[in-house]
Participant: 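Please read through the structure below; I'll follow up with questions.
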Amino acid sequence: MSLMNNLSTSTISSSSSAFLAPISFDSRTQSVAFPLKNINVVKCITNPQEQQTAYKTKVSRNANIAKLQAGYLFPEVARRRAVHLLKYPNAQVISLGIGDTTEPIPDVITSAMAERSHGLSTLEGYSGYGAEQGEKALRSALASTFYGNLGIEEDDIFVSDGAKCDISRLQVVFGSNVTMAVQDPSYPAYVDSSVIMGQTGQFQKDVEKFANIEYMRCTPENGFFPDLSTVVRTDIIFFCSPNNPTGAAATREQLTRLVQFAKDNGSIIVYDSAYALYMSDDNPRSIFEIPGAKEVAIETASFSKYAGFTGVRLGWTVVPKQLLFSDGFPVAKDFNRIVCTCFNGACNISQAGGLACLSPEGLEAMQEVIGFYKENTKIIVETFNSLGFKVYGGQNAPYVWVHFPSRSSWDVFSEILEKTHIVTTPGSGFGPSGEGFIRVSAFGHRENVLEACRRFKQLYK
Amino acid sequence: MYNLSVCSFMAFGISLPPKMVLASLRLKQGNGRCTNVPRNVNLEKLQNNYLFPEISKRELQHLEKYPNAKVISLGIGDTTEPIPEQISLSMANYAHSLSTAEGYRGYGAEQGNQALRKAIAETFYKDVAIKDAEIFVSDGSQCDISRLQLLLGSKVTIAVQDPSFPAYIDSSVIIGQAGDFQDKTGKYQKIEYMQLSPENNFFPDLTITPRTDIIFFCSPNNPTGHAATRKQLQQLVDFARDNGSIIIFDSAYATYISDGSPKSIFEIPGSKEVAIEISSFSKFAGFTGVRLGWTVVPEELLFSGGFPVIHDFNRIVCTCFNGASSIAQAGGLACLSPEGFQAIRTVIDYYKENARILVDTFASLGLEVYGGVNAPYVWVHFPGSESWNVFTEILEKTHIITVPGSGFGPGGAEYIRISAFGKRVRIIEASWRLEKLFSMGKSPFLSL
């Protein structure tokens, strides 16, 4: 009996609307995690008789991975969506769950990628291995576009295949003997990669937290910025602003305090700026806008939500030269070593696309697409406001954080899915302080977002 | 060209011991304020830069010294021939389709596009019943090796061939498996180095190899070029089964095999319960910059408690990775179409002919030359020499970049690796220059 049946093919359409025809090039929802609610219950998938005769190696399972409680959050949401579609094959499911971009990439960008692809078939245009740190022109453009007056240089920038991968590479740089703090709630990759790396203790079911991680509560009561006076010192502080999932954007004053906190404690901030261009308010877009940040911070960013590059795979990490370990060794040097040894550069075609994104035409085109999703966000915020919910976020990020007081977020998730065929993301998937909240993502075709809002109004009127 | 400007403020030679390096860094940093975050001790254990950026650095230094030199790179195994048109066309078309409502796609499955997984299964594993569900598409082997190390964790022991592709050892050190480096032996304390030499036909003597949890095995081998025979691989699988070990089989050069040697570990009975296989489009399709590879984890492969390895690998892939570029995957699919595959074969044959020319050159000079038949690498023995010295001599006198064998482990100390990627005219030019150097006793390294 194979556990793998569910890992492989299914014919479920991946699009955010069931209107579109099945595709040949699948997406996330076609490949699902295991249909097991409590992964830690399952030790072996074969029946007892087979278990006795099945050959086992003598290699012990990595105890760190065993600490993880379930599958990674988003495959789990995808799995539930898939199960739902099996139950209701004709349902017009609308996905406002996984933050997956839906609008086509502007022509100026894809043309550049097509041109680079064609070039690879020519003598003059063929290139093999690229610099692991990224193509010079792209690094230069990133420096001037995003860090123009901030003293961040081209060689402080490392191009990657995305922020999620960079987070794990940073964990590999830091190793297992560092402590970390995360916002609670936060993007699950910070916690999960920390567990995998061996920085944490066991999961404590009573508080829904991993031992040895400092969870910095971000709630409506504290304006979604942690009370730093109650935060224990850790080596590393993961901080995402504008925030996924709450949508909160830290002010200059707050970030100044955060940088000071890091300085006082000799900590390193890993600042996730993936949603910076969604900022409506006049808040800092880069941590390096804060004086002194270069000595305490790393910044990760991504083209995913700016250019619809979720499948194309392109991002970057900034490690300033001034950032030093306690013995004076530059962090950038170790990061460079990891990049050269554990990675081999982002796809050159994707990088050509990235460069086009940063041309004047490309920047303008990206702003249009971002504006489109922001309009979606506005519509969703208005809908939940009109229904009397306490609604957060949506102003500076493509996520709306809706409060369902005293309710289990997975229950609300299931109720919404069952009754409206809309996929959202349960807040508790982002940490214990996400309990009682639902994250609604604003990526989607306009008509789907409008239809979803109609259904929400129907359900919660 | 590798951008080394990140390291430009840390200009030190690799011969400096780490302590001296730190002192010079502190002086340079001057006013810099340190955090209180301790450096990862595992990274401190790494002895030098990763091998290939170091080679690049030497190339740049050489070019600065001889700006007019016509340097020929037979060092880093970087493909040089254009990708066949139908493949780049499919990538271009896919890129264009991302601008259309019907064609736009966002996140792909982290495990890879379904059609591509199927095509890989059918193309490479048809006769050995590996399923598409057991195939994980990636952005290349170097990345997969590190993800596998994350999967396995710091407490496992590893064995590597000696010499071998440096990423196995380096990733092992980084993850904390390797113990300290021992200057005397040139080896990391906890790694088992399985010697490869002409004496043992470049296959380790498993009767004297202690048990380790993991065995990295590359065949056809980088750098020696040796492809293990069916008999040898059966021995390896039996060894793994007896010891309850897991083989990580690197088959990146399988499509270069000329002599009917096995192309996949899964051709060997019993292997599915003891092996993972990694492979790559890099040297197969010229995708060194496009970034595409795959890892096979059979469902039958279990940890000691019975837990399926594939389950944990899937978790790593979903958490630490987000799928290979969709454009690269579109290219991969085109590579595996009948026309695509045929076109790629032509390019592979081109490199193989390069290898043959290089083998002939060295053989005609009376040098001990290995490899070049089943892999795009030629492994030349200079008995009694130190390989960095030979590397430097060749570079100085012929402006040819090679790779010193000791970069692949102590077992490579007397060898030079010459890679066969390059334009034919350059390969021929390189051969001519090498002939000039090594004939007529012009090189002190020639032992006749």
Side-chain angles (χ1 to χ4, degrees), chain A residues 4 7-8 25-28 31 43-44 55-62 65 72 75 100-101 104-105 107 110 113-114 117-118 120-121 126-131 133 155 162 164 168 175 192 235 266 268 295 310-311 313 322 324-326 328-329 334 336 340-344 347-350, chain B residues 2-3 5-6 26 32-40 43 50 53 78-79 82-83 85 88 91-92 95-96 98-100 104-109 111 113-114 133 139-140 142-143 146 153 170 213 244 246 273 288-289 291 299 302-304 306-307 312 318-322 325-328:
Chain A
M4 294 308 125
L7 242 197
S8 58
F25 224 61
D26 72 330
S27 89
R28 182 118 317 168
S31 189
K43 282 237 113 178
C44 177
Y55 176 91
K56 299 192 263 277
T57 66
K58 294 197 179 105
V59 181
S60 303
R61 189 182 175 210
N62 184 344
I65 301 182
Y72 187 60
D100 195 6
T101 47
I105 298 173
D107 261 325
T110 53
M113 294 198 285
S117 302
H118 282 305
L120 291 172
S121 281
Y126 180 76
S127 59
Y129 284 117
Q133 304 84 356
D155 58 4
K164 196 188 207 188
S168 282
D192 285 19
D235 293 305
I268 296 177
E295 286 157 354
T310 39
R313 307 308 316 147
Q322 296 88 333
L324 310 175
F325 286 116
S326 56
F329 198 87
D334 275 351
N336 187 59
C340 290
T341 310
C342 306
F343 184 53
N344 227 334
C347 172
N348 50 13
I349 300 168
S350 307
Chain B
Y2 288 71
N3 184 343
S5 58
V6 170
R26 273 215 192 85
R33 286 186 43 194
C34 306
T35 63
N36 287 343
V37 181
R39 190 183 172 211
N40 184 344
L43 294 180
Y50 189 55
D78 194 6
T79 48
I83 293 172
E85 256 184 57
S88 61
M91 293 197 284
H96 279 305
L98 291 172
S99 278
T100 68
Y104 179 75
R105 298 289 177 268
Y107 283 117
Q111 303 81 358
N113 167 263
Q114 201 57 42
D139 61 328
Q142 191 152 284
C143 320
S146 282
D170 283 19
D213 292 306
I246 298 178
E273 287 147 341
T288 37
R291 309 306 316 145
E299 295 170 5
L302 310 176
F303 287 115
S304 54
F307 201 86
D312 278 354
C318 288
T319 309
C320 307
F321 186 52
N322 229 334
S325 171
S326 53
I327 301 173

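Throughout, protein chains are lettered first and strands after them, A, B, ... in sequence-line order, and every chain is numbered starting at 1.
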Participant: Quick check: closest heavy atoms across S304(B) and K56(A), and the distance to 0.1 Å?
Facilitator: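 That would be O-CD, 3.4 Å.
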Participant: Report the distance from atom OG1 of T341(A) to atom CD of Q142(B), rounding to the nearest 0.5 Å.
Facilitator: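 Between T341(A) OG1 and Q142(B) CD, I get 6.5 Å after rounding to 0.5 Å.
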Participant: Mind checking the OG1-CD1 spacing from T57(A) to I246(B)? Nearest 0.5 Å is all I need.
Facilitator: 4.0 Å
Participant: Counting heavy-atom pairs under 4.5 Å with chain B, which one of I268(A), D192(A), I105(A) comes out on top?
Facilitator: I105(A)
Participant: Work out which heavy atom in F343(A) is nearest to a heavy atom in D139(B); give both atom names and the distance.
Facilitator: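 Scanning both residues completely, I find the closest heavy atoms to be CE1-OD2, 3.5 Å.
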Participant: Which distance, rounded to the nearest 0.5 Å, do you find between the OG of S121(A) and the CE of M91(B)?
Facilitator: 7.0 Å
Participant: Of all of T100(B), D213(B), L43(B), which one pairs up most often with chain A through heavy atoms under 4.5 Å apart?
Facilitator: L43(B)
Participant: Does the side chain of F325(A) come within less than 4.5 Å of N40(B)'s, by heavy atoms?
Facilitator: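 A side-chain contact is absent here, since even the closest heavy-atom pair is not under 4.5 Å.
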Participant: Given heavy-atom pairs under 4.5 angstrom as the criterion, report whether the side chain, backbone, both or neither of S146(B) touches chain A.
Facilitator: side chain
Participant: Compare every heavy atom of Y104(B) with every heavy atom of T101(A), then report the nearest pair and how far apart it is.
Facilitator: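 Smallest interatomic distance, heavy atoms only, reads OG1-OH, 2.7 Å.
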Participant: Look up atom NE2 in H118(A) and atom OG in S88(B), then write down how far apart they are to the nearest 0.5 Å.
Facilitator: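 These two atoms lie 6.5 Å from each other.
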Participant: Please name the pair of heavy atoms, one in T310(A) and one in G106(B), separated by the smallest distance, quoted to 0.1 Å.
Facilitator: OG1-CA, 3.1 Å
Participant: At a heavy-atom separation under 4.5 Å, does L98(B) approach chain A through its side chain, its backbone, both, or neither?
Facilitator: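 For L98(B), backbone and side chain are both near chain A.
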Participant: Tell me every residue that passes side-chain contact (heavy atoms from CB on, under 4.5 Å) with D235(A), counting only those two or more places apart in sequence or in another chain.
Facilitator: V178(A), T179(A), R233(A), V37(B), P38(B)
Participant: Please determine, among I349(A), V59(A), T110(A), N348(A), the option with the most heavy-atom pairs under 4.5 Å with chain B.
Facilitator: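 Most heavy-atom pairs under 4.5 Å with chain B: V59(A).
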Participant: Drop me the distance from I65(A)'s CD1 to F307(B)'s CZ, to the nearest 0.5 angstrom.
Facilitator: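 If we round to the nearest 0.5 Å, I65(A):CD1 and F307(B):CZ are 9.0 Å apart.
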Participant: Which heavy-atom pair separates N322(B) from K164(A) by the least distance, and what is that distance?
Facilitator: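 That closest heavy-atom pairing would be ND2-CD, 3.3 Å.
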Participant: The criterion is ring pair (Phe, Tyr, Trp, His ring centres under 6.0 Å); which residues satisfy it with Y72(A), sequence neighbours excluded?
Facilitator: F74(A)
Participant: Got a second to check how far R291(B)'s CZ is from C347(A)'s SG, nearest 0.5 Å?
Facilitator: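 Between R291(B) CZ and C347(A) SG, I get 9.0 Å after rounding to 0.5 Å.
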Participant: What is the minimum heavy-atom distance between A95(B) and M113(A), and which atoms define it?
Facilitator: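 It is CB-CB, 3.9 Å.
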